[in-house]
Amino acid sequence: MTMPDMVPAMSRAAAIVTDEGGMTCHAAIISRELGTPCVVGTGNATEILKDGMDVTVDGTTGTVYKGILKKASPDEGNSQAATPVAAAEYVPITGTKVMVNMSMPAKAEEIAKLQCDGVGLMRSEFLFTNYIGEHPCAVIEEGRADELIDKLAEGIAKVCRAFYPRPITLRTSDFKTNEYRDMKGGADYEPNEDNPMIGWRGCSRYVSDSYREAFMCELKAIKKVRDEMGLKNLNMMLPFVRTIEEVEDITDMMRSVGLRRGKDFKLYFMAEIPVNIFMADKFCEYCDWFSIGSNDLTQLVMGSDRDSDILGHMGYFDERNEGVKRAIAQLIKVAHEHGKHVSICGQGPSVYPEFTEFLVEQGIDCISLNPDTFAKTKRIIASAEQRVILRDLRNLRTKFLE
C-alpha cells in the first residue's frame, strides 16, 4: 500500500495499483487529486505484475488488463472524420456552497479554474511530505524550526494565492503513527500502535508534551500566511476532536501566537467521531463550522476499518448506512440551532449521488468534493435543491387548500 512519503513518486506514475487499501485509503485519495488511474485492494497485484510488463489500468471499473489496450475512437471506421466542437461543461448555480478537496500545492492553479466556492479541505500532512520530507520533531531538534515554519507557509500560501479571495480551509496535520514512522527521523518519535486509525492522531497529538512544539510551528505558519503574506482567506480546521478539554488547550495555544476567531478567521472542527455528534451542543461553543469527515465517521459508527478491503468488499463501509445518516442529520440540526454551519469533506458525496441528495435535503451548508467529480456532483446538488423547493411548494399548496 502507499504511504504519504511516496507522493513524489505517485505524482510521476502513469497509474497506481496496490495489494491493500479501501476506497478512502491514501492511494485512492491522492490518485483522485492527481487524476491518475488507480486500483486498490487487489490482494495479489505485486505477485502477478512484474517489472517490464505492459498493462492497461482502468480506474473506473477497477480492472487491470494485460497489454496496452487502444481506446476506440467514436468515429473509427467512418470515411469522414467528425469535426471537433469545443463545448464548456455546464455547471449550475447552487444555493449550497460547493468547494473542493485538495492537498498538493502544485495542482492549485489548475484546480482553481473550477467554478467552486473555495477549498473545503486542504490536508496539511501532504505539505510535510512534499515540502519538508522529514518528521517535524526531528527538524525542530536540529534547530531548524524556522525552516519548518517557512516551508509550511510557502505551501499554504501557494494554494491561498491561487484561489484568492475564495476561502481555504486548512486542516492541521492528522498523521497516524504508522505514517509518521516512515518519514525521515520518524522512528525516533513514533510509537508502534496496533490500530493507528483510532490511536495517537489529531488533537491528541497537539496537546501532548512530545508533539506540542511541532503543532506550534503549524500555528505560526498559519499566522505568517495570514498576517505577513496578507492572505486572509485562510481558515483553520482541527481533526479528530475528542474532548472539550483539548479544545480549550488548543484555543490557548492559538491565542499565544495571535490567532483568534473573528469575522475573517473561522475555526472548523472535523465531525468524525460519535462524541462530536452526542456533544455537538458543547462543541458549538468553541467553533464556527463543523466539517463532517464521513470516512472516519462511517468507520467509527460502523466499527469498520476504512482501510480494510475485506470489510469494504462485504459492504460494511458505506456512508449510506442509516446509522451514519442519522448521525449526520442530528449534527446538522443541532449546529443550526446554535447558529453554526456544517459542511462535509469526506468521500461520500463524490461517490454516491443519493447520499448527496440526502445531504441537501438535510440542509447542509457546504459540500466539498474531489475535483474530478466537481461538475457532475454540482449538477446533482442543483437537481436535489429543485426537488426540495418543489416538495415544499406542494406541501404549502396542500396546507393552503386545507
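Numbering starts at 1 and runs along the sequence shown.
Heavy atoms of other residues, nucleotides or ligands lying less than 6.0 angstrom from CG of Leu393 number more than 12. With a 6.0 Å radius and a threshold of 12 heavy atoms from other residues, nucleotides or ligands, Leu69 has its CG atom above the threshold. The environment of NZ in Lys266 is crowded: more than 12 heavy-atom neighbours from other residues, nucleotides or ligands sit within 6.0 Å. The neighbour count for Arg387 CZ, taken as heavy atoms of other residues, nucleotides or ligands under 6.0 Å away, is above 12. The 12-atom threshold is exceeded at CD of Glu142, counting heavy atoms of other residues, nucleotides or ligands nearer than 6.0 Å. Residue-environment remark: CD (Glu213) stays at or below the threshold of 12 foreign heavy atoms within 6.0 Å.
By the 4.0 Å N-to-carboxylate-O rule, Asp249 lies close enough to Arg212 to be salt-bridged with it. Using a cut-off of 4.0 Å between Lys/Arg side-chain N and Asp/Glu carboxylate O, Arg205 and Asp174 are scored as not salt-bridged. A salt bridge between Glu337 and Lys333 is present, with a side-chain N of the basic residue lying under 4.0 Å from a carboxylate O of the acidic one. For Arg306 and Asp296, the salt-bridge test passes: some basic side-chain N is under 4.0 Å from an acidic carboxylate O. Look at Lys66 and Asp54 and you find no salt bridge, because none of the NZ, NE, NH1 or NH2 atoms lies under 4.0 Å from a carboxylate O. With salt bridges taken as basic N to acidic carboxylate O contacts below 4.0 Å, none links Arg123 and Glu125.
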Would Glu385 and Thr96 count as a side-chain hydrogen bond (donor to acceptor under 3.5 Å, both in side chains) if you check the C-alpha gap in whole Å, the side-chain angles of each, and the deciding distance to 0.1 Å? CA-CA 8 Å; Glu385 288 179 344; Thr96 307; 2.6 Å; yes
What do the steps show when you test Val241 against Ile273 for side chain to side chain contact (heavy atoms under 4.5 Å, CB included), and what is the final call? CA-CA 8 Å; Val241 185; Ile273 310 173; 5.8 Å; no
Intermediate values then yes/no, side chain to side chain contact (heavy atoms under 4.5 Å, CB included), Phe290 and Leu331: CA-CA 9 Å; Phe290 289 99; Leu331 175 69; 4.1 Å; yes
I'd like to know whether Asp182 forms a side chain to side chain contact (heavy atoms under 4.5 Å, CB included) with Asn178, so could you lay out the CA-CA distance, the side-chain angles of the two residues, the decisive distance to 0.1 Å, and finally the verdict. CA-CA 7 Å; Asp182 287 340; Asn178 59 328; 6.0 Å; no
Show your working on side chain to side chain contact (heavy atoms under 4.5 Å, CB included) between Asn295 and Glu319 and close with a plain yes or no. CA-CA 7 Å; Asn295 303 345; Glu319 293 93 330; 3.8 Å; yes
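Under the 4.5 Å side-chain criterion, counting only non-hydrogen atoms from C-beta, Val159 is not in contact with Lys107. Contact of the Asp117 side chain with the Met99 side chain is registered, since non-hydrogen atoms from C-beta on lie closer than 4.5 Å. Put simply, the side chain of Ser204 does not reach to within 4.5 Å of the side chain of Tyr211, judged on heavy atoms. Within the 4.5 Å cutoff, the side chain of Met254 has heavy atoms near those of the Phe265 side chain. Side-chain contact check for Val207 versus Phe215: every heavy-atom pair is 4.5 Å or farther apart. Contact annotation: the side chain of Asn321 approaches that of Met302 to within less than 4.5 Å [non-hydrogen atoms, C-beta and beyond]. Between Leu152 and Tyr131 there is no side-chain heavy-atom pair separated by less than 4.5 Å. Proximity of Pro165 to Asn233: side-chain heavy atoms (C-beta onward) are nowhere separated by under 4.5 Å.
In the model, Asp19 has a side-chain atom that pairs as donor or acceptor with a side-chain atom of Thr46 under 3.5 Å. Between the side chains of Tyr206 and Glu218, no donor-acceptor pair is found at a separation under 3.5 Å. Ser124 and Ser173 share no side-chain donor-acceptor pair at under 3.5 Å.
For the atom pair OG1 of Thr172 and CE of Met237, the computed distance is 8.5 Å after rounding to the nearest 0.5 Å. To the nearest 0.5 Å, the span separating OG on Ser294 from CD1 on Ile328 amounts to 6.5 Å. A distance of 11.0 Å separates CG of Asp365 from OG of Ser291, quoted to the nearest 0.5 Å. One finds the CZ atom of Phe240 at 8.0 Å from the NZ atom of Lys176 (value rounded to the nearest 0.5 Å). For the atom pair OG (Ser304) and OH (Tyr316), the distance works out to 9.0 Å, reported to the nearest 0.5 Å. To the nearest 0.5 Å, the span separating OG on Ser343 from CH2 on Trp289 amounts to 5.5 Å.
The two residues Thr42 and Thr18 have their closest heavy-atom pair at OG1-O, 2.8 Å. Scanning all heavy atoms of the two residues, the minimum distance from Gly59 to Pro37 falls at N-CB, 4.2 Å. Scanning all heavy atoms of the two residues, the minimum distance from Asp264 to Arg226 falls at O-NH1, 3.1 Å. Considering all non-hydrogen atoms of both residues, Lys158 and Ala106 come closest at NZ-CA, 4.4 Å.
The closest donor-acceptor contact from the side chain of Lys50 to the backbone of Glu47 lies under 3.5 Å. Without hydrogens or angle criteria, Ser256 side chain to Met253 main chain gives a donor-acceptor distance under 3.5 Å. With Thr398 contributing its side chain and Arg394 its backbone, the two residues share a donor-acceptor pair below 3.5 Å. Under a 3.5 Å cut-off, the side chain of Arg261 and the backbone N or O of Cys287 do form a donor-acceptor pair. Between the Glu357 side chain and the Ala384 main chain, no donor and acceptor come within less than 3.5 Å of each other. His135 places a side-chain N or O within donor-acceptor distance of the main-chain N or O of Cys137, the cut-off being under 3.5 Å. Formation of a donor-acceptor pair under 3.5 Å by the Arg171 side chain with backbone atoms of Pro239 is not found in this model. The closest donor-acceptor contact from the side chain of Glu193 to the backbone of Trp200 lies under 3.5 Å. Side-chain N or O atoms of Asp318 include one that pairs as donor or acceptor with a backbone N or O of Arg320 at under 3.5 Å. With hydrogens and angles ignored, the 3.5 Å screen pairs no side-chain donor or acceptor of Ser103 with any backbone N or O of Met122.
Using a 30° and 60° split on the angle between ring planes, Phe128 and Phe175 fall in the perpendicular class, above 60°.
Of the options Lys220, Arg144, Lys224, a salt bridge (Lys or Arg N to Asp or Glu O under 4.0 Å) to Asp150 is made by Lys224 and by none of the others.
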